[in-house]
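Some notes on the structure that comes next.
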Protein chains: 2
Amino acid sequence: MTVSTRTNSPTPPPRRSDATRTAILAAARERFAADGYERATIRAIAKDARIDPSMVMRYFGSKEGLFAAAVALDLRLPDLTRVPREEVGRALVGHFLGLWEENEELTAVLRVGATNQAGAERMQGIFRDQLLPVARQVCPDPEQSPARAALCAAQLLGLALTRYVLRLPPARELTREELVAWLGPTVQRYLTAPNP
Amino acid sequence: MTVSTRTNSPTPPPRRSDATRTAILAAARERFAADGYERATIRAIAKDARIDPSMVMRYFGSKEGLFAAAVALDLRLPDLTRVPREEVGRALVGHFLGLWEENEELTAVLRVGATNQAGAERMQGIFRDQLLPVARQVCPDPEQSPARAALCAAQLLGLALTRYVLRLPPARELTREELVAWLGPTVQRYLTAPNP
DNA sequence: CAAGGCAGTCAACGCTTGTTGGCCTACGGA
DNA sequence: TCCGTAGGCCAACAAGCGTTGACTGCCTTG
C-alpha cells in the first residue's frame, strides 16, 4: 500500500495514514452490513483491516463515531424532472436495486437502523434529506408528498429487507427486470396517482 | 428428564410456576421488540419479570431457547377463499395492521430477524408455512405463488419496518384507513394480476 | 408428622466488549 | 545527519454478558 507522495491538491494534505483509514472504513461497512451494530465488534473490524483495535479508537473516537463515518450515505437519486413522468416509478426502483447491489452501505444502515436507535435516526435523516425532496418534485399536491414518499420508502425498503437482509428465497430469485416490472407501477402510483 | 407419574389429563397439569413463566415471556417479548436480540439482556428481562436471571435459564435453557419460546408466532391469516376475490388485498393489509398493533411479537421477530441469523431463519419459516399457503389459495398460477407471496411480504414488511421499527414520522401519521386504501390495491395486484 | 421436590435467591465463573495509556518505530523535513 | 512526530502495537482496565451450582424455604404428598 503505497501513498502518493507529492500530490499538492487543494483538499487537506494527504496523510500517511489514509490507507489505513479507508481500510478500516471498508472493513467496518462490511461488518456492520453482515452483523448489525452490536455484533460487529471493533476487534473484528480491526482484524479485518489488519490493524490494532486501538487505532480504530484513535481515528474515529468511538464505535459510534466509526459507524457514523462508515455510513455517510448518499443515495445519488436522479433528477426526476428529467425523467418522463410515467417512468419515474421504474426509474426509482431500478436505481435502488443498483444501489443495493453495488455496495454494502445500504444493507449496513438498514440492518443497524433496525437494531439501534441512532441507526433509526440516521435512516430518518436519509429519508428526510434525500428521498423526500425528490418526491416533492413529482407529487401533484406538495402537502401530500411526505405521505407518498413514506409509501415509496415502505415498498423499497421492504424489498431490500426481504431480499438482502432476511434473504427470503423467492425474493432473491426474482430478476432485476421482474422486480422493476412489478414494483415500478406501485411506486409510480404512490407518487403520482391523484388518490388511492 | 422426569415423567409426570399419575396425571392422565391430555394437557399438562398446571404448575405453580406458570405465572412466572408467562411473566418472563411477556417481558422477553417486550425487550426483544424494543432492543433487538443482542441488547435485550437476560438480566434486564429477569428484572422486568421481578425474578432472578437464573430462573430464565432454568425454564428456557438459554437465551436462544427463550427467544424461540417468546416468539412462537401465529399470523392467524384468514381463509382467503371466503373473502370476495377483489377484496383479498385490502383484507390482508387490514389483518396485518391489526396484528401489528395488538402485540409486540411481530415487532420483536422483525427486529431480531434483521440482526440475527436465527431470527432471519425464523422469519423465513413464518413466510413459508403461513403466508405462502394463503397466497397459493388466490394466485392464478400456483407456480408463481412464491414470487407473488414474496412481493406481498416485501410490501407488508416494508410498511411495518418504516412504521414500527424505523418510525418514519410520515409513515406513523397515515391512518389505518389510508394505509388500507393505498396498500390494498398493491397487494391485490401482486396476488391476482395476470402479469405485472 | 416427616419427607421430597419445586420455586426461587445468591454469589460467582469465565468470557467478551469498548476503551485507555504507555511504549516503540521509522519516516521526513531541517 | 539528526530529531520531532505521526503511525502503530501491546497490555491492561472496568463493565457487562450468559451461564452455573449451591443453597433456602415452602408446599404438597404419603
Side-chain angles (χ1 to χ4, degrees), chain A residues 1-8 12-25 27-28 31-32 34-70 112 115-119, chain B residues 1-9 12-28 31-32 34-70 112 115-119:
Chain A
M1 49 174 136
T2 54
V3 173
S4 61
T5 48
R6 57 183 63 190
T7 50
N8 47 2
R15 275 175 289 190
R16 198 157 31 110
S17 61
D18 281 350
T20 307
R21 261 196 166 73
T22 59
I24 294 175
L25 287 177
R31 285 282 177 176
F32 281 132
D35 298 337
Y37 188 79
E38 341 284 337
R39 300 202 357 200
T41 69
I42 286 194
R43 283 170 151 93
I45 292 168
K47 178 176 282 187
D48 286 0
R50 298 176 208 282
I51 225 67
D52 190 84
S54 61
M55 295 305 294
V56 179
M57 304 301 298
R58 188 191 282 248
Y59 288 152
F60 300 100
S62 68
K63 188 179 181 179
E64 287 219 23
L66 172 64
F67 175 72
V112 174
T115 329
N116 194 270
Q117 180 60 26
Chain B
M1 67 175 77
T2 58
V3 175
S4 64
T5 50
R6 58 179 62 191
T7 50
N8 46 5
S9 61
R15 274 176 289 193
R16 196 156 34 110
S17 60
D18 282 350
T20 307
R21 262 194 168 75
T22 59
I24 295 175
L25 287 177
R31 285 282 178 176
F32 281 131
D35 298 337
Y37 188 79
E38 342 283 338
R39 298 201 358 199
T41 69
I42 285 194
R43 284 169 148 94
I45 292 168
K47 179 175 282 188
D48 286 359
R50 296 176 210 283
I51 227 67
D52 191 86
S54 62
M55 295 304 294
V56 179
M57 303 302 297
R58 193 199 281 255
Y59 288 150
F60 300 100
S62 68
K63 188 178 183 179
E64 286 219 23
L66 172 64
F67 175 72
V112 174
T115 329
N116 195 269
Q117 180 59 27

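The distance from atom CD of A/Glu38 to atom C1' of D/dG18 is 16 Å, rounded to the nearest whole Å. Atom pair B/Arg58:CZ and D/dG21:P shows a separation of 12 Å (rounding to whole Å applied). Between the CZ atom of A/Arg21 and the P atom of D/dG7 there is a distance of 7 Å, given to the nearest Å. Computed from coordinates, the A/Asp52 CG to C/dG22 C1' distance equals 13 Å when rounded to whole Å. To the nearest angstrom, P of D/dC10 lies 15 Å from CZ of A/Arg50. A/Lys63 places its NZ atom 15 Å from the C1' atom of D/dA15, with the value rounded to the nearest Å. Regarding B/Met57, its CE atom lies at a distance of 5 Å from the P atom of D/dT20, rounded to whole Å. D/dC17 atom P lies 10 Å from atom NZ of B/Lys47, rounded to whole Å.
One distance of note links CG of B/Asp35 with CD of A/Gln117; it measures 10.0 Å at 0.5 Å rounding. To the nearest 0.5 Å, atom CZ of residue B/Arg58 and atom CD1 of residue B/Ile24 are 11.0 Å apart.
Listed nucleotides C/dT19, C/dA7, D/dC9 differ in distance to B/Tyr59; the shortest reach to its side chain belongs to C/dA7. Ranking C/dG18, D/dG7, C/dT9 by closeness to the A/Ile42 side chain, first place goes to C/dG18. Relative to the side chain of B/Met55, the nucleotides C/dG18, D/dC9, C/dT9 differ in distance, and C/dT9 lies closest.
Here B/Thr20 reaches the OP1 or OP2 of C/dG8: one of its side-chain N or O atoms lies under 4.0 Å away.
Checked against B/Lys63 for a side chain to side chain contact (heavy atoms under 4.5 Å, CB included), the options B/Val56, B/Ile45, B/Thr41, B/Ile42 give a single hit: B/Ile42.
A donor-acceptor contact under 3.5 Å is not formed by the side chain of B/Arg43 with the base of D/dG16.
Comparing A/Thr41 and A/Ser54 by the nucleotide of DNA chain C that holds the closest heavy atom to each, the one mapping nearer the 5' end is A/Thr41.
Closest approach of B/Phe32 to B/Ala40, counting heavy atoms only: CD2-CB, 3.7 Å. Closest of all the heavy-atom pairs between A/Ala46 and A/Asp52 is CB-C, 3.9 Å.
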